[in-house]
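Counting from 1, the numbers follow the sequence of the chain as shown.
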Amino acid sequence: MATEKISLYNLADLKNTSDDAIPNYLNSLKFKQSHFLTDVRLALGYTGFALAAACFLWDYKLGFESTKTYTAVAVAVYTLINGALTFWMAEVEKGTVYQGVAPSGEKITIKTATKKNDPTYRLTISVEPNSKNAGAGAAPPEVVELSTPFTAFFDETGRFVAQPFQEALASAVPLIGRRDPKRVKLASQAMLDANPDLLDAVLAANNSSGSAGEDPASSSAATGAEPAEKKGGKRRKA
């Protein structure tokens, strides 16, 4: 994973760096990544490029007049290929940056997005049950939506910090958490991390309640003070 600095004001760089971290992390947990979506996109792109290159060679070698019919057909085919590529990226991939299969057989799909002028990383994570273990009435995919600011896993110099990024994924997605339990953070701990002042308030409340319920005798013993004499005690005879 690249550790070079990037601009904290460039949402595209922040998103691309975060997107690249997802396959690095999941593949390290023995997930098997599927490259089907990427392979189809590359196939469409390279086909369009090859067609454009062929048109150039036809015109260069044979001249426009002798190849104009082929060129017209190539332009029509190129338009269809480019349209198919646009449809594939917009309607099929829809921001998908990772597809894979866990060692236990579940399929996971991760889509990411950002909004203009909003430095928040938005993930939609879908987990499909293992088809071998699923019966006729299989449960629908589990969908987890996660939003976290980029500042949670980029330091002030613009370097990506892997641990909080991995903790966010492992804590939000049980499938990932089971593969990397050391990265799972409890909700209570996450709340304290998000609001450090909350810990001080909890400790102050505990100290107050402990002082209010303290036994006077034990308090006297702790301070070394003797309890006062009771009124009306017996007189010592002369």
Atom pair [atom1] ([X]) and [atom2] ([Y]), whose distance is rounded to the nearest 0.5 Å:
| X | Y | atom1 | atom2 | result |
| --- | --- | --- | --- | --- |
| Phe49 | Leu42 | CZ | CG | 13.5 Å |
| Arg179 | Lys30 | CZ | NZ | 8.5 Å |
| Thr124 | Ile110 | OG1 | CD1 | 10.0 Å |
| Thr17 | Phe153 | OG1 | CZ | 10.0 Å |
| Leu85 | Thr47 | CG | OG1 | 10.0 Å |
| Ile176 | Ile125 | CD1 | CD1 | 5.5 Å |

By side chain to side chain contact (heavy atoms under 4.5 Å, CB included), which residues pair with Val73, not counting sequence neighbours?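 For Val73, the residues satisfying side chain to side chain contact (heavy atoms under 4.5 Å, CB included) (neighbours in sequence not counted) are Val77.
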[X] to [Y] - nearest heavy-atom pair and separation:
| X | Y | result |
| --- | --- | --- |
| Pro174 | Ala172 | CD-O, 3.6 Å |
| Lys185 | Ser171 | N-OG, 2.8 Å |
| Leu146 | Ala168 | CD2-O, 3.9 Å |
| Pro103 | Leu29 | CG-O, 4.1 Å |
| Lys15 | Tyr121 | CG-CE1, 4.1 Å |
| Thr120 | Ser147 | CG2-CB, 4.0 Å |

Sort and list the pairs that fulfil side chain to side chain donor-acceptor pair (under 3.5 Å) and have at least one residue in residues 32-44, not counting sequence neighbours.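 Side chain to side chain donor-acceptor pair (under 3.5 Å) check on residues 32-44 returns Asn27-Gln33, Arg41-Glu93.
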Phe31/Val101 under side chain to side chain contact (heavy atoms under 4.5 Å, CB included): CA gap, chis, key distance, verdict: CA-CA 6 Å; Phe31 282 74; Val101 180; over 6 Å; no
Assess whether side chain to side chain contact (heavy atoms under 4.5 Å, CB included) is satisfied between Gln99 and Lys107, documenting all intermediate values. CA-CA 7 Å; Gln99 279 189 326; Lys107 295 181 180 180; over 6 Å; no
Classify the angle between the aromatic ring planes of Tyr60 and Phe56 as parallel (below 30°), tilted (30 to 60°) or perpendicular (above 60°). parallel
Answer whether the closest heavy-atom distance between the side chains of [X] and [Y] falls below 4.5 Å.
| X | Y | value |
| --- | --- | --- |
| Thr109 | Thr96 | yes |
| Asp19 | Tyr98 | no |
| Leu11 | Pro119 | yes |
| Ile6 | Phe160 | no |
| Lys115 | Arg122 | yes |

Tell me whether [X] contacts the main-chain N or O of [Y] through its side chain, where contact means a donor paired with an acceptor under 3.5 Å.
| X | Y | value |
| --- | --- | --- |
| Arg183 | Gln166 | no |
| Asp180 | Ala170 | no |
| Thr112 | Leu123 | no |

Quick one: do Phe154 and Leu14 satisfy side chain to side chain contact (heavy atoms under 4.5 Å, CB included)? Show the steps, please. CA-CA 9 Å; Phe154 280 91; Leu14 291 171; 3.9 Å; yes
What's the verdict on side chain to side chain contact (heavy atoms under 4.5 Å, CB included) for Thr71 and Asp59, showing C-alpha distance, side-chain angles and the deciding distance? CA-CA 8 Å; Thr71 301; Asp59 185 59; 5.7 Å; no
Flag the pair Tyr25 / Phe165 as yes when their ring centroid distance falls below 6.0 Å, and as no otherwise. no
